[in-house]
Student: 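Pasting a structure below so you can have a look.
Remember, predicted model here, so these are calculated numbers, not experimental data.
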Amino acid sequence: MLVRKEKQFQIITAGIGLSKYIQYYNICFPDKDSFTASYTMMPNACGTVSIAFDGISVKTELWGASLNTYTLGVEPNGYQVLVLIKLTHVGLFQLTRQNQANLIDQRMNLEDIDAKLYRELTDAFVFSESVDDMVNRFEKILYRRMEQDFVSETIIHATSLINRNHGMMRVREVANETGYCERQLNRLFQNQVGMSTKQYLGLTRFNYLLQNIQLSPLLFSALSQEVGYFDQSHMDKDFKKISGISPLEYRSNMSDFYYDGSEKADMLLYKTNGGKNNGN
């Protein structure tokens, strides 16, 4: 088993054949103080497979997409190795073929969801000799699991459209672009993404706001205009409703929060499709 420390934190992007469904592999060798007691995962529409070794046993879990923050705290500090297979917004449905509304905000033992996949990924983790070897083993397993598409092209089209517009659209506009009525589109989002179209729009704009807070020197008043809010007070209200804190509190304590940058993966998906989206 891989227990020696290579780089403490490593992020390896998925192979091009898997990038439609997997964003990256995040491999961490935590120290006893790597994560703070207030370390919190921000809401996002992407599921995760988590594999952790605490020196005695391996724990392999599945995390659904999230609409709420989740305080992870110092838990990872007790692991010798922690691997996160970060999926795209459509990756968890492709992997499980299950109604995603049942998995939203859930943290589950992967064995209870898919015993075969649990054994394959856990064995790949246990028998790997290096980070590269481990990722290669994962990729072989996941290629076999994902070679046949189960995700609707309509969802691919709708989520790509929403992400390219950073969530600054109305449900009606998305429905018109897909040829679905709002009710049909909403049912499809609930089943394959885990949330309503409106919730996905709001979460996408929230994540775009997180990205701008991290990277932009703009004042919050200017930033609120950049992301389509009427004024800063509306932005602050929406941000706090989703995250529980204000944008200023987030900017002051960014190291205490995990943000996955899922928009980058969606843009890679868009480029992989040749800049085209095919709704049906």
Student: Less than 4.5 Å apart, any side-chain heavy atom of T69 and any of M41?
Tutor: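 Answer no - side chains too far apart.
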
Student: Indicate yes or no: at least one non-hydrogen side-chain atom of Y70 is less than 4.5 angstrom from one of L72.
Tutor: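 Yes, close enough: below the 4.5 Å cut-off.
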
Student: For a quick test of reading the model, state the closest non-hydrogen atom pair linking F93 to N191 and the distance between them.
Tutor: CD1-O, 3.7 Å

Student: Taking R137 first and then D133, would you say they form a salt bridge - that is, a charged N and a carboxylate O separated by under 4.0 Å?
Tutor: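 Here R137 pairs with D133 in a salt bridge, since their nearest N and O are under 4.0 Å apart.
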
Student: Ignoring hydrogens and geometry, is there a side-chain-to-backbone donor-acceptor pair from T178 to A175 under 3.5 Å?
Tutor: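 Such a contact is found between T178 side chain and A175 backbone.
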
Student: Looking at F35, is its backbone amide N or carbonyl O close enough to the side chain of N77 to form a donor-acceptor pair, meaning the two atoms are under 3.5 Å apart?
Tutor: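 Judged by distance alone, yes, a pair lies under 3.5 Å.
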
Student: What verdict does the side-chain contact (heavy atoms from CB on, under 4.5 Å) test give for F138 and F125, after you've listed the backbone C-alpha separation in whole Å, the side-chain angles of each residue and the deciding distance to 0.1 Å?
Tutor: CA-CA 8 Å; F138 288 158; F125 176 82; 4.3 Å; yes

Student: Rounded to the nearest 0.5 Å, what separates atom CG in L87 from atom SG in C46?
Tutor: 8.0 Å

Student: Could you tell me which non-hydrogen atom of V193 sits nearest to which non-hydrogen atom of A65, and how far apart they are?
Tutor: O-CB, 4.1 Å

Student: Any sub-3.5 Å donor-acceptor pair from Q94's side-chain atoms to F150's backbone N or O?
Tutor: yes

Student: In plain terms, say whether K59 and E75 are close enough for a salt bridge, that is, a side-chain N and a carboxylate O under 4.0 Å apart.
Tutor: yes

Student: If you take all heavy atoms of F9 and C28, which pair is closest and at what distance?
Tutor: CE2-SG, 3.1 Å

Student: For R107, does the CZ atom have more than 12 heavy-atom neighbours from other residues, nucleotides or ligands under 6.0 Å away?
Tutor: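 More than 12 within 6.0 Å, yes.
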
Student: Please check: side-chain N/O of N186 versus main-chain N/O of E182, any donor-acceptor pairing under 3.5 Å?
Tutor: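 No, because the side chain of N186 does not come within donor-acceptor range (under 3.5 Å) of the backbone of E182.
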
Student: Counting C-beta onward and ignoring hydrogens, is there a side-chain heavy-atom pair between L121 and I141 closer than 4.5 Å?
Tutor: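 With C-beta onward as the side chain, the pair touches.
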
Student: For the residue pair L92 and W63, what are the closest heavy atoms and their distance?
Tutor: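 Here L92 and W63 meet closest at CD2-O, 3.9 Å.
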
Student: Report the C-alpha separation of D54 and Q80 in whole Å, then their side-chain angles, then the decisive distance to 0.1 Å, and conclude whether the side-chain contact (heavy atoms from CB on, under 4.5 Å) test is met.
Tutor: CA-CA 5 Å; D54 63 5; Q80 292 185 18; over 6 Å; no

Student: For the backbone of S50 and the side chain of T48, can you confirm whether one donor and one acceptor N or O come within less than 3.5 Å of each other?
Tutor: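 It does not hold such a pair.
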
Student: Going from CE on M254 to CZ on R251, what distance comes out if it is rounded to the nearest 0.5 angstrom?
Tutor: 7.0 Å

Student: What I want to check is whether the side chains of S246 and D236 have a donor and an acceptor closer together than 3.5 Å.
Tutor: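 No, D236 and S246 have no side-chain donor paired with an acceptor closer than 3.5 Å.
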
Student: Using only atom types and a distance under 3.5 Å, with no angle test, would you say the side chain of D114 pairs donor to acceptor with the backbone of L117?
Tutor: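 Between the backbone of L117 and the side chain of D114 there is a qualifying donor-acceptor contact (under 3.5 Å).
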
Student: Look only at the side chain of T88 and the backbone of K20, and say whether a donor-acceptor pair between them is shorter than 3.5 Å.
Tutor: yes

Student: Using a distance-only test with no angle check, is there a side-chain donor-acceptor pair under 3.5 angstrom linking H89 and T159?
Tutor: yes

Student: Is E173 reaching over with its side chain to a backbone N or O of R170, donor-acceptor style, under 3.5 angstrom?
Tutor: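 Confirmed, E173 side chain pairs with R170 backbone.
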
Student: Tell me whether L103 shares a hydrophobic cluster with L188, the cluster being built from Ile, Leu, Val, Met, Phe, Trp, Tyr side chains joined at under 4.5 Å.
Tutor: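 Hydrophobic grouping puts L103 with L188.
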
Student: Does the gap between the ring centers of F257 and Y250 come in under 6.0 Å?
Tutor: yes

Student: Looking at side-chain heavy atoms only, is the closest gap between L210 and N207 below 4.5 Å?
Tutor: yes

Student: Do F239 and V227 come close enough that some side-chain heavy atom pair is under 4.5 Å?
Tutor: no

Student: For residues Y180 and L185, report the shortest heavy-atom separation together with the two atoms involved.
Tutor: CD2-N, 4.0 Å

Student: Kindly indicate whether the side chain of V131, heavy atoms from C-beta on, has any atom under 4.5 Å from the side chain of Y25.
Tutor: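 No - every pair of side-chain heavy atoms lies 4.5 Å or more apart.
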
Student: Heavy-atom distance under 4.5 Å between the side chains of N44 and S66, does that happen here?
Tutor: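 Yes - at least one pair of side-chain heavy atoms lies under 4.5 Å apart.
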
Student: Is the NZ or CZ atom of R205 both under 6.0 Å from the centre of the six-membered ring of Y200 and within 45° of that ring's axis?
Tutor: no

Student: Have T60 and T122 got a donor and an acceptor in their side chains that come within less than 3.5 Å?
Tutor: yes

Student: Could you tell me whether the side chains of S196 and Q199 share a donor-acceptor contact shorter than 3.5 Å?
Tutor: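 There is such a pair between these side chains.
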
Student: Is the closest side-chain heavy-atom distance between E129 and M134 below 4.5 Å?
Tutor: no

Student: I104, I155: one ILVMFWY side-chain cluster at the under-4.5 Å cut-off?
Tutor: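 Looking at the clustering, I155 is in the same group as I104.
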
Student: Return the OG1 to CE distance between T197 and M169, rounded to the nearest 0.5 Å.
Tutor: 11.0 Å

Student: Before giving the answer on side-chain contact (heavy atoms from CB on, under 4.5 Å), spell out for Y258 and N26 the whole-Å C-alpha distance, their side-chain angles and the decisive distance to 0.1 Å.
Tutor: CA-CA 12 Å; Y258 178 78; N26 188 347; 4.2 Å; yes

Student: Tell me the side chain to side chain donor-acceptor pair (under 3.5 Å) pairs involving residues 95-106, sequence neighbours left out?
Tutor: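 Non-adjacent pairs meeting side chain to side chain donor-acceptor pair (under 3.5 Å): N68-D105, T96-Q100.
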
Student: As an exercise, state the distance from CG of L18 to CG of L142, rounded to the nearest 0.5 Å.
Tutor: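 L18 CG to L142 CG: 6.0 Å, rounded to 0.5 Å.
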
Student: Using 0.5 Å steps for rounding, measure from the CD atom of E139 to the CZ atom of R144.
Tutor: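 Answer for the CD-CZ pair, E139 versus R144, is 12.0 Å.
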
Student: Please name the pair of heavy atoms, one in L95 and one in M146, separated by the smallest distance, quoted to 0.1 Å.
Tutor: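 Shortest heavy-atom separation between L95 and M146 comes out as CD1-CE, 3.6 Å.
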
Student: Between N109 (side chain) and E111 (backbone), is there a donor-acceptor pair under 3.5 Å?
Tutor: yes

Student: So does S34 get a backbone contact from the side chain of D31, meaning a donor-acceptor N/O pair under 3.5 Å?
Tutor: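 Such a contact is absent between D31 side chain and S34 backbone.
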
Student: side-chain contact (heavy atoms from CB on, under 4.5 Å), that's the test. Do I22 and K86 meet it? Break it down for me.
Tutor: CA-CA 6 Å; I22 299 174; K86 193 66 182 179; over 6 Å; no

Student: Under a plain distance cut-off of 3.5 Å, with no hydrogens placed, do Q23 and T13 share a side-chain donor-acceptor pair?
Tutor: no

